[in-house]
Protein chains: 2
Amino acid sequence: MIEIPTIKDVAKKAGVSVTTVSRVLNNRGYISEATRRKVYQAMEDLDYHPNEVARSLFRKKSNIIGLIVPTVAHPFFGELTSYLETYAYSRGYKVLICNSQLNALKEQEYIWMLRRNQVDGIVMASHTLEVEEYKKLNLPVVSFDRFISSRIPYVTSDNYQGGRLAVEHLLQRGCTKIAHLCGSLDLDMLANQRHRAFMNVAEEKNIPYCTVQTDVNVFEVDEYEELLTDLLVRHPDLDGLFLNSDIMAIAAIKVCGKLGMRIPQDIKIIGYDDVSIASLVSPQITTIRQPLAQMSELSVKLIEDLVKKKAVPTENCLPVELIERGTT
Amino acid sequence: MIEIPTIKDVAKKAGVSVTTVSRVLNNRGYISEATRRKVYQAMEDLDYHPNEVARSLFRKKSNIIGLIVPTVAHPFFGELTSYLETYAYSRGYKVLICNSQLNALKEQEYIWMLRRNQVDGIVMASHTLEVEEYKKLNLPVVSFDRFISSRIPYVTSDNYQGGRLAVEHLLQRGCTKIAHLCGSLDLDMLANQRHRAFMNVAEEKNIPYCTVQTDVNVFEVDEYEELLTDLLVRHPDLDGLFLNSDIMAIAAIKVCGKLGMRIPQDIKIIGYDDVSIASLVSPQITTIRQPLAQMSELSVKLIEDLVKKKAVPTENCLPVELIERGTT
DNA sequence: CAGTATATGTCAACCGGTTGTCATCTGACC
DNA sequence: GGTCAGATGACAACCGGTTGACATATACTG
């Protein structure tokens with residue numbers, strides 16, 4: 001391995017000063033076309049690439065966004081990560097990915113790590129810590145789907161409306177007894193509003209309902225089947241299920257199949273998110289679409305604005321949409 | 001916002017020299033317990049976190065691994081990313097994630113970006129560039145599922161065996177005419193060996209077969225249905241399908257359903273990868289399991305060894321396993 | 001010809017750490 | 001009393017860039 005060329009090597013090769021090379025690199029000051037070309041030629045000859053670590057140190061800006069998710073293995077967060085990274089990249093940002101596994105210790109460690117690495121901001125899509133921990137963070141943070149404090153903007157979609165659309169759709173399709181499988185309601189997630197809407201509508205319409213909460217670790221897929229089987233065995237007269245994710249809905253399809261319930265004849269199922277497999281499985285899942293692309297884009301924009309110390313709105317709620325497919 | 005504390009502030013607060021703080025931070029030289037405590041106390045009081053960018057610059061080591069995948073939105077790469085990040089983190093590495101979208105230009109740009117950012121190594125799970133581009137990279141690279149050159153180690157699983165297991169399983173279940181849906185065979189991916197195995201076994205056993213290749217962009221899910229419908233309409237006598245991924249298998253289930261073919265009675269389906277939804281959909285997918293966790297772990301280990309200039313084996317092929325479920 | 005825009009160079013400081021060299025001081029041990 | 005390990009500090013150089021201040025030289029513009 002040859003030594004990695006530095007700006008000095010480029011300067012020497014091009015026969016100019018380091019300052020001049022830096023000027024070319026950063027487009028500042030007066031530079032003649034001839035010199036510019038010489039410098040670029042030297043950079044190419046040496047296969048020179050400026051050391052961003054050195055630049056970051058000086059600029060106190062790394063152009064890195066930290067993204068903390070429960071796990072990218074879950075399709076929802078996989079898609080979120082994909083959109084977010086793509087948009088971030090187009091804005092000159094890189095993304096450091098962190099899978100907290102919804103483990104508070106890991107999440108805290110990741111936050112510290114991101115800080116030490118001078119990320120410009122953090123998008124938090126995992127929320128296992130106390131609100132206080134986030135508040136004292138003293139660096140641009142955007143929260144995904146959770147209200148933390150008025151000083152920390154959040155991006156979400158209209159969960160109440162989503163819950164409402166889901167339940168109204170089930171009822172419109174003739175359901176007479178419905179259940180909602182959601183994450184733990186002990187955590188004050190904005191997603192809980194789906195459940196509020198669920199109850200409100202059911203009560204409004206005088207429809208019997210039940211609720212099943214998952215463990216705190218919402219993304220442990222194995223748990224879904226057990227919970228759902230238990231639910232359906234105890235309430236065989238259920239004819240409508242509202243699930244907090246499409247993955248849960250896929251699990252529900254499986255469990256119903258095992259119990260000999262036909263979808264949508266005997267029981268109707270509606271998921272949430274509209275991740276890409278939702279329309280690929282059979283039957284295709286009726287679901288509430290969250291505008292993930294826009295949410296990701298907005299998250300990056302908010303980080304950018306926070307970095308620039310611009311004022312940003314705390315609440316950023318995007319609309320959801322009912323997507324009718326084969327399970328209802 | 002208050003100024004971010006530096007090592008100098010810590011030194012002042014603790015009443016010691018910067019050298020001493022650095023010694024405490026790096027565990028070198030003689031340090032009394034009393035001083036150590038004083039320094040840690042000062043760090044805590046100031047909420048000090050060492051600037052890793054500065055350290056990276058000096059050490060010429062960032063402890064960052066770049067991971068380039070086609071897209072983390074695809075469950076296979078989502079799971080890969082999740083495993084890889086988790087293992088990397090446990091070894092003190094962070095992961096910069098890059099979604100190439102299988103776009104050669106983006107991939108090249110990402111490689112340059114990672115280099116400028118002084119990543120310690122790159123795990124390449126996207127392969128759109130010419131072999132030459134990777135060869136001249138002059139930094140630790142581990143290739144995922146592709147042979148590039150004898151100097152670049154790759155991690156893969158036994159694709160030939162996987163293909164063999166899949167086809168033999170289909171035949172054992174009584175299939176008489178089979179098809180394989182795979183990625184473009186023009187690219188010299190190791191996954192192509194699945195197809196070689198497919199053909200070899202089919203010819204050995206004298207079974208008629210056909211092949212469908214996707215576009216170069218293998219992960220465009222929308223394309224699958226079209227290709228499969230076309231295939232099944234043209235060959236209604238097909239009774240066995242071997243798909244190069246579980247996602248493709250899910251698409252196949254859907255298409256077969258639309259065409260009124262029962263699974264597994266009329267047609268048997270076998271997928272590949274064993275991603276987590278494979279066992280969640282209905283019917284559950286028979287598939288070839290790739291040991292993703294171990295493959296991810298191995299990739300990180302190889303990067304570590306390359307960083308340390310240790311000799312590493314070029315070929316790293318892990319075993320696959322047939323997982324029998326409901327589609328065959 | 002003065003004044004100004006253009007083009008480049010030298011030099012030093014800085015970003016926030018790390019590390020090697022050298023010096024100094026204390027206390028224990030022989 | 002001399003030797004030596006332990007503990008700490010001062011200082012400078014370094015990592016690879018960026019930037020501001022200042023100097024100098026050329027070329028044009030009025």
Side-chain angles (χ1 to χ4, degrees), chain A residues 2-43 46-64 112-113 115-120 139, chain B residues 2-43 46-64 112-113 115-120 139:
Chain A
I2 323 107
E3 273 308 299
I4 296 161
T6 71
I7 197 172
K8 282 177 200 154
D9 302 318
V10 175
K12 191 179 295 176
K13 180 102 184 177
V16 299
S17 72
V18 167
T19 305
T20 300
V21 177
S22 181
R23 281 184 185 133
V24 170
L25 234 34
N26 296 286
N27 267 317
R28 41 170 48 248
Y30 296 116
I31 293 291
S32 69
E33 258 318 302
T35 305
R36 194 182 297 274
R37 253 195 296 278
K38 265 196 305 184
V39 171
Y40 279 131
Q41 186 60 53
M43 298 202 290
L46 295 171
D47 194 23
Y48 168 80
H49 297 268
N51 183 329
E52 287 297 332
V53 171
R55 297 176 126 186
S56 296
L57 179 59
F58 185 84
R59 299 203 177 121
K60 298 185 174 218
K61 187 156 188 306
S62 61
N63 283 306
I64 296 179
W112 287 330
M113 179 276 275
R115 210 166 166 342
R116 287 197 305 273
N117 284 277
Q118 314 297 116
V119 297
D120 292 345
L139 113 175
Chain B
I2 323 107
E3 273 309 299
I4 296 163
T6 71
I7 197 172
K8 282 177 200 154
D9 302 318
V10 175
K12 192 179 295 176
K13 180 102 183 177
V16 299
S17 72
V18 166
T19 307
T20 301
V21 178
S22 180
R23 281 184 186 133
V24 170
L25 234 33
N26 296 287
N27 268 316
R28 41 170 48 246
Y30 296 119
I31 293 289
S32 68
E33 258 318 301
T35 304
R36 195 181 296 274
R37 254 195 297 279
K38 265 195 307 183
V39 170
Y40 279 131
Q41 187 60 53
M43 297 202 288
L46 294 171
D47 194 23
Y48 169 79
H49 297 269
N51 183 329
E52 287 296 332
V53 172
R55 297 176 128 187
S56 297
L57 179 59
F58 186 85
R59 300 204 178 120
K60 298 184 174 216
K61 185 157 189 308
S62 62
N63 282 306
I64 297 180
W112 287 330
M113 181 277 276
R115 208 170 174 334
R116 288 196 305 272
N117 284 275
Q118 314 297 116
V119 297
D120 292 346
L139 116 176

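Each chain gets a letter, A, B and so on, in the order its sequence line appears, and its residues count up from 1.
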Whole angstrom value for the distance that separates [atom2] of [N] from [atom1] of [X]:
X	N	atom1	atom2	answer
B/R36	D/dG6	CZ	C1'	13 Å
A/F58	C/dG17	CZ	P	16 Å
B/K61	D/dC14	NZ	C1'	19 Å
B/L57	C/dC15	CG	P	14 Å
B/N117	D/dG17	CG	P	12 Å
A/L46	D/dG17	CG	P	12 Å
A/Y30	C/dT6	OH	C1'	6 Å
A/E52	D/dC15	CD	C1'	15 Å

Quick one: does [X]'s side chain get under 4.5 Å of [Y]'s, heavy atoms only?
X	Y	result
B/I4	A/K60	no
B/I31	B/V39	no
B/P50	B/R55	yes
A/T20	A/T35	yes
B/Y48	B/V21	no
B/V24	B/V16	no

Is it the case that more than 12 heavy atoms not belonging to A/K61 sit under 6.0 Å from its NZ atom?
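For A/K61, atom NZ is crowded (more than 12 foreign heavy atoms under 6.0 Å).
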So does [X] get a side-chain nitrogen or oxygen closer than 4.0 Å to the phosphate oxygens (OP1/OP2) of [N]?
X	N	result
A/R59	D/dT18	yes
A/S22	D/dT18	yes
A/N51	D/dG17	no
B/T6	C/dG16	no

Distance alone, cut at 3.5 Å: any donor-acceptor contact between the side chains of B/T19 and B/S22?
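B/S22 and B/T19 do not have a side-chain donor-acceptor pair below 3.5 Å.
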So which of residues 7-15 of chain A are in contact with DNA chain C, with a heavy-atom cut-off of under 4.0 Å?
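Heavy-atom cutoff 4.0 Å gives A/G15.
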What are the two closest heavy atoms between B/P5 and B/D47, and how far apart are they?
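For B/P5 and B/D47, the tightest heavy-atom pair comes out as CG-O, 4.0 Å.
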Sub-3.5 Å donor-acceptor pair from the side chain of A/N51 to the main-chain atoms of A/V53, do we have one?
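Yes: the side chain of A/N51 pairs with the backbone of A/V53.
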If you restrict it to nitrogen or oxygen atoms, what contacts under 3.5 Å exist between nucleotides 20-26 of chain D and the protein, and what is each distance?
none

By nearest atom, which of the nucleotides [options] is closest to the [X] side chain?
X	options	value
A/K60	C/dT8, C/dG9, C/dG16	C/dG16
B/T35	D/dT8, C/dG9, C/dG17	D/dT8
A/S32	C/dG16, C/dA7, C/dT10	C/dA7

Checking all strands, does B/V16 fall into the base, sugar-phosphate, or nothing category for heavy-atom contacts under 4.0 angstrom?
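Contact class for B/V16: sugar-phosphate only.
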